[in-house]
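Data first, discussion second: the structure below is written as structure tokens.
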There are 2 protein chains.
Amino acid sequence: MSYRVDRNSGYAQVPAAITAGLSRLNVAPLCVAAGTDIQHEGDAAQTVYLVESGWVASYTDLSQGQRQILYLHQAGDIAGFADLGSKTTTCSLRSQRDSVLFPIPIAMLKSPEFLSGATIAALFEKYAQMQSILMRTLAAVGRMEARHRIVWLILMLHDRVADDTGDEMFEIPLNQSEIGDFVGLTNVSVSKMFSRLSEEGYIERKGSKIVVRRLSDMQNMIGYQSIHYRPEPMFAPAQGRSHKRALNN
Amino acid sequence: MSYRVDRNSGYAQVPAAITAGLSRLNVAPLCVAAGTDIQHEGDAAQTVYLVESGWVASYTDLSQGQRQILYLHQAGDIAGFADLGSKTTTCSLRSQRDSVLFPIPIAMLKSPEFLSGATIAALFEKYAQMQSILMRTLAAVGRMEARHRIVWLILMLHDRVADDTGDEMFEIPLNQSEIGDFVGLTNVSVSKMFSRLSEEGYIERKGSKIVVRRLSDMQNMIGYQSIHYRPEPMFAPAQGRSHKRALNN
DNA sequence: CGGATGTTTGACTTTGATCAATGGAAGTGG
DNA sequence: CCACTTCCATTGATCAAAGTCAAACATCCG
């Protein structure tokens with residue numbers, strides 16, 4: 001697996017090629033406290049946000065007051081990209097934790113100055129990864145029973161947050177109502193499912209943190225396939241080695 | 001809205017900039033009959049497919065035999081992009097109707113030959129649009145009751161297939177079980193919802209085709225916002241003026 | 001301490017799933 | 001042309017999973 005990174009947030013970080021592009025633009029970082037509304041559905045679409053650290057949620061509110069969280073952006077993700085082609089934004093953004101963002105004006109994003117070959121490659125890769133995660137979310141929400149959705153959420157976050165320290169404890173940057181808004185349940189169901197999973201020894205809960213105790217049992221329960229970040233850059237076909245089997249288990 | 005196009009499939013078509021990139025690659029079109037499996041989950045990820053005409057579905061099968069249709073690709077869409085960064089594909093592809101595809105090897109997709117400025121622009125725009133539709137799907141599936149999901153599906157397809165001929169009849173390229181696999185219901189529920197919508201005069205059914213009879217009532221029912229394709233190309237590549245500000249028209 | 005925020009639990013209700021039978025349309029082969 | 005099959009859609013009866021409602025409990029914090 002390799003790909004270790006220093007930061008405590010696991011190995012998610014802004015790809016070097018994007019950092020490089022960014023440095024050419026002279027964009028100032030933006031620090032936001034947890035719970036800040038960064039963008040509201042319907043605003044003019046002018047900026048995308050590259051997450052440097054923290055957690056940001058993309059969500060949308062439906063006509064009958066229900067909310068759907070569409071994506072949890074971690075370090076290295078770009079929020080707001082879906083609105084690149086529209087006049088107004090179609091989703092809202094909110095920081096779930098204290099976060100640092102780089103607001104990139106769309107005009108700049110499209111400038112040749114930013115779009116060097118390596119940066120384009122990194123962006124494509126990022127978008128592919130986000131699309132893949134979105135699709136997995138859709139499959140979980142569309143076709144799994146409540147219990148399995150929660151297991152899926154835990155495994156997905158565990159996967160995205162994983163580091164090699166062996167410390168398996170991590171935090172879900174959502175409260176139970178928000179978890180419900182993410183996986184299509186109510187806070188009550190979420191609470192019940194968590195309690196059951198805890199009773200049955202699949203997870204252990206310490207405050208808002210979680211330890212996965214029976215990882216492979218949970219993976220088997222829902223047939224979970226690990227999200228594998230590519231250990232080698234997309235545009236450097238390079239030596240075959242590495243992820244032979246990264247998958248299953 | 002403008003943007004009329006000749007073909008009978010409404011105004012969806014392959015963006016010119018992508019056609020241009022394609023012509024530099026010498027890719028032969030691939031004709032597939034309706035119901036053909038084009039790619040299976042787990043295959044090596046080597047190719048993406050640009051849809052020239054027809055309908056292609058991306059789907060995934062879950063461990064307990066359930067299927068989730070993730071995306072309906074129409075002319076101009078690219079299927080398989082989510083696997084750009086992985087070794088094996090995470091979704092399967094199937095033609096829902098007779099279709100013509102351009103299989104683009106990923107190595108070629110990444111070649112500078114294909115990736116001219118205008119082609120990059122068109123790809124970004126396409127991905128943004130697909131991400132946006134995926135997010136809307138997720139919101140519908142995650143947070144709407146059965147009846148509203150069906151209404152959403154009809155409106156979404158109506159939107160994507162719309163042309164200006166005033167002929168409001170269109171075909172859903174899915175049978176009722178597949179519709180269920182798309183919006184997270186069973187075929188039985190889908191049948192009941194369609195029957196009710198028809199009784200109530202929202203739609204009219206002629207064989208496998210549909211006419212929307214009370215469009216704005218349906219839009220109000222679920223607070224539907226039209227997917228708006230941008231009336232002008234994002235990078236305005238053709239006439240020199242290139243990337244100045246193309247956006248927020 | 002009081003207030004805000006979030007979680008847990010139980011009683012009850014509802015939506016959509018499941019099961020099963022029926023019917024229709026299209027295609028095939030004799 | 002008629003049996004026969006296959007694939008799909010429809011309908012009704014029943015059931016179960018998750019939603020709703022409401023109250024209690026926990027934590028945190030000034």
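Here is the naming used below: chain letters follow the sequence lines, and residue numbers restart at 1 for every chain. Nothing here was measured: the structure is a model prediction, and the numbers come from that model.
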Requested in this report: Decide, yes or no, whether a salt bridge links Glu171(A) with Lys206(A) under the criterion of side-chain N to carboxylate O below 4.0 Å.
Outcome: no

Requested in this report: Specify the separation, in whole Å, of atom NZ of Lys192(A) and atom P of dC12(C).
Outcome: 13 Å

Query raised in the report: Looking across every strand, which nucleic acid part, if any, lies under 4.0 Å from Arg205(B) by heavy atom: base, sugar-phosphate, or nothing?
Result: sugar-phosphate

Query raised in the report: Tell me, which of residues 141-148 of chain B have any heavy atom that sits under 4.0 Å from an atom in DNA chain C?
Result: Glu145(B), Ala146(B)

Requested in this report: May I ask you to say what Val188(A) touches in the nucleic acid, namely base, sugar-phosphate or nothing, with a heavy-atom cut-off under 4.0 Å?
Outcome: base

Query raised in the report: Do Thr89(B) and Asp43(B) have side-chain atoms, one donor and one acceptor, less than 3.5 Å apart?
Result: no

**Report entry** Which residues share a salt bridge (charged side-chain N to carboxylate O under 4.0 Å, His left out) with Asp61(A), sequence neighbours left out
**Finding:** Arg67(A)

Can you pull every protein N or O that's under 3.5 Å from an N or O on nucleotides 21-24 of chain C?
none

Requested in this report: Return yes when atom CD of Gln225(B) has more than 12 non-hydrogen atoms of other residues, nucleotides or ligands closer than 6.0 Å, and no otherwise.
Outcome: no

Query - Lys/Arg-Asp/Glu bridge criterion (N-O < 4.0 Å) met for Glu145(B), Arg149(B) - result: no

Query raised in the report: Does the side chain of Ser92(A) come under 3.5 Å of the side chain of Gln39(A) through a donor N or O and an acceptor N or O?
Result: no

Query - Candidate list Arg213(B), Lys209(B), Arg214(B), test salt bridge (Lys or Arg N to Asp or Glu O under 4.0 Å), partner Glu204(B), passing option - result: Arg213(B)

Query raised in the report: In whole angstroms, how far is the P atom of dT7(C) from the CG atom of Leu197(A)?
Result: 15 Å

Report task. Determine: side-chain N/O of Arg149(B) to OP1/OP2 of dT15(C), distance under 4.0 Å, yes or no. Result -> no

**Report entry** Between Tyr127(A) and Phe81(A), ring centroids under 6.0 Å
**Finding:** yes

Report summary line: From CD1 of Ile150(B) across to C1' of dT15(C) the rounded distance in Å is 14 Å

Query raised in the report: Does Ser191(A) reach the main-chain N or O of Ser189(A) with its side chain, forming a donor-acceptor pair under 3.5 Å?
Result: no

Report summary line: Of all heavy-atom pairs linking Tyr49(A) and Leu101(A), the shortest is CD2-CD1, 4.0 Å

Requested in this report: Could you tell me whether the phosphate oxygens of dT7(C), OP1 or OP2, come under 4.0 Å of any side-chain nitrogen or oxygen in Ser191(A)?
Outcome: no

Query - Overall bend - the helix from dC1(C)-dG30(D) to dG30(C)-dC1(D), comparing terminal axes fitted on five pairs, nearest 10 degrees - result: 40°

Query - Pair Gln96(A)-Glu178(A), side-chain donor/acceptor within less than 3.5 Å - result: yes

Requested in this report: Working to the nearest 0.5 Å, report the span between CG of Leu155(A) and CD1 of Ile227(A).
Outcome: 9.5 Å

**Report entry** Short side-chain N/O contact to dT9(C) OP1/OP2 from Ser195(A), under 4.0 Å
**Finding:** yes

Requested in this report: Would you grab the first and last nucleotide of DNA chain D (5' to 3') that comes under 4.0 Å of any non-hydrogen atom in chain A?
Outcome: dA18(D) to dC21(D)

Query raised in the report: So what does Gly35(A) hit on the nucleic acid, given a heavy-atom distance under 4.0 Å: a base, only sugar-phosphate, or nothing?
Result: nothing

**Report entry** The single option from Trp152(A), Phe170(A), Tyr202(A) passing ring pair (Phe, Tyr, Trp, His ring centres under 6.0 Å) against His158(A)
**Finding:** Phe170(A)

Requested in this report: Enumerate the residues from residues 172-181 of chain A whose closest heavy atom to DNA chain C is under 4.0 Å, giving them by residue number; use none for an empty result.
Outcome: Asn175(A), Gln176(A)

Query raised in the report: With no hydrogens and no angle check, is any side-chain donor or acceptor of Arg143(A) less than 3.5 Å from a backbone partner on Leu185(B)?
Result: yes

Report summary line: Between Glu41(B) and the options Thr60(B), Thr90(B), Thr88(B), the side-chain hydrogen bond (donor to acceptor under 3.5 Å, both in side chains) test singles out Thr60(B)

Query raised in the report: So, Asp159(A) versus Tyr224(A): side-chain donor-acceptor pair below 3.5 Å or not?
Result: yes

